[in-house]
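From a predicted model like this one, the values you see are computed outputs, not experimental measurements.
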Amino acid sequence: CECTCSAFLCCAGACTNCTNGGGNAGWSFATGWDGGGGDNNWSTAANWGSDAVPTSAEDVSFNATSVNATLDAASTVKSITFTSGYTGAFSFSSNTLTVTGNADFRSGGAINANTGSLAFTGSAAQTFIPKVTATFPAIVQNGAGGTTLLTNGLTAGNLILTSGTLNLGTGFTHQVAGISGNGGLD
């Protein structure tokens with residue numbers, strides 16, 4: 001196995017801020033936001049611990065920094081997680097963040113919806129944990145696997161249900177601007 005890391009954290013089967021050097025079966029590689037690029041833009045490689053903009057195959061984490069982040073270009077990631085160590089603000093700007101796995105926004109700094117969107121496009125079941133008190137941008141359900149909200153209620157712009165089912169969970173109160181599309185809502 002080979003794991004090439006910069007400002008890394010590695011522990012049994014997981015590596016943060018690492019790139020897969022090949023032959024690493026059973027490991028999950030996460031790219032962490034460090035804001036080192038000086039401009040707060042998602043698309044600036046130096047803002048990421050691995051000094052590379054995350055790809056659609058990568059897990060993304062926001063932890064242990066107060067540097068704000070702006071989604072300045074549409075992007076697709078495998079998953080995204082905000083931890084309590086992240087105290088900056090995340091802005092969707094006018095762009096779409098597409099997630100093919102799970103999205104956990106429950107901890108960390110502020111969420112600025114702006115006019116962007118958060119899209120769930122996974123072929124397998126996905127989970128979304130919204131942050132309490134945060135207003136999210138438009139939420140797009142466009143994956144056959146469906147997405148289930150967990151832990152907290154959702155406040156967001158429009159729900160756009162293109163394909164699959166968005167399961168709103170049990171016992172939560174949700175507030176959205178509108179609902180459209182032919183996908184399912186449970």
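Side-chain contact, S93 with T70: no donor N or O sits under 3.5 Å from an acceptor N or O. Defined by atom type and a distance below 3.5 Å, a donor-acceptor pair is present between the side-chain atoms of N114 and S91. Side-chain contact, T127 with N102: a donor N or O sits under 3.5 Å from an acceptor N or O. A side-chain N or O of S75 and one of W42 form a donor-acceptor pair less than 3.5 Å apart. N47 and N40 share no side-chain donor-acceptor pair at under 3.5 Å.
Using a 4.5 Å cut-off between side-chain heavy atoms of Ile, Leu, Val, Met, Phe, Trp and Tyr, with links allowed through other members, V60 and I129 fall into different hydrophobic clusters. There is no path of hydrophobic side-chain contacts, each under 4.5 Å, that joins V140 to V99. L150 and F82 are assigned to two separate hydrophobic clusters, defined by single-linkage of ILVMFWY side chains at heavy-atom distances under 4.5 Å. Linking ILVMFWY residues whenever their side-chain heavy atoms come closer than 4.5 Å, directly or via other members, places I179 and F136 in the same cluster. A single hydrophobic cluster is seen to contain both V176 and L149, as judged by linkage of ILVMFWY side chains at heavy-atom distances under 4.5 Å, directly or through other members.
Between the side chain of K78 and the main chain of T100, no donor-acceptor pair closer than 3.5 Å is present. Counting only distance, with no hydrogens or angles, the side chain of D39 and the backbone of N41 share a donor-acceptor pair below 3.5 Å. Between the Y86 side chain and the T81 main chain, no donor and acceptor come within less than 3.5 Å of each other. Not a single donor-acceptor pair under 3.5 Å links the side chain of H174 to the backbone N or O of T155. Remark: side-chain polar atoms of N158 are paired, donor with acceptor, to backbone N or O of G178 under 3.5 angstrom.
Residues T83 and S107 come closest through the heavy atom pair C-CB, 3.5 Å. The heavy-atom pair separating V53 from S43 by the smallest distance is CG2-O, 3.3 Å. Across every non-hydrogen atom of L154 and P130, the tightest pair is CD1-CB, 4.1 Å. Nearest approach of A89 to N68, heavy atoms of both residues: N-OD1, 2.8 Å. Minimum interatomic distance between P54 and T31 (heavy atoms only, all atoms of both residues): CG-CG2, 4.1 Å. Residue F92 comes nearest to L97 through the heavy atom pair CE2-CB, 4.0 Å, listed as atom of the first residue, atom of the second, then distance.
Rounding to the nearest 0.5 angstrom, the gap separating the CG atom in L161 from the OG atom in S180 is 7.0 Å. Atom-to-atom distance recorded for Q141:CD and N167:CG is 10.0 Å, nearest 0.5 angstrom. In this structure, L168 CG and T173 OG1 are separated by 11.0 Å, a value rounded to the nearest 0.5 Å. Atom-to-atom distance recorded for W33:CH2 and F90:CZ is 8.5 Å, nearest 0.5 angstrom. Interatomic distance, CG of N95 versus CG of L71, reported as 5.0 Å (0.5 Å rounding). Distance check, rounded to the nearest 0.5 Å: OG of S50 to CD of E58 gives 6.0 Å.
Put simply, the side chain of N152 reaches to within 4.5 Å of the side chain of R106, judged on heavy atoms.
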Checklist entry - Do N182 and T162 pass the side-chain contact (heavy atoms from CB on, under 4.5 Å) test, and can you show the C-alpha distance, the side-chain angles, and the key distance before you say yes or no? => result CA-CA 6 Å; N182 295 318; T162 305; over 6 Å; no

Checklist entry - Given the rule in the side-chain contact (heavy atoms from CB on, under 4.5 Å) test, do D34 and T65 qualify, once you have shown the distances and angles that lead to the verdict? => result CA-CA 6 Å; D34 66 17; T65 185; 5.8 Å; no

Item to check | Pair T165-L185, side-chain contact (heavy atoms from CB on, under 4.5 Å): steps then yes or no | outcome: CA-CA 5 Å; T165 298; L185 186 62; 6.0 Å; no

Item to check | Stepwise side-chain contact (heavy atoms from CB on, under 4.5 Å) check, D59 with V77 | outcome: CA-CA 6 Å; D59 299 303; V77 297; over 6 Å; no

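Classified by interplanar angle (parallel below 30°, tilted 30° to 60°, perpendicular above 60°), the ring pair F128/F120 is tilted.
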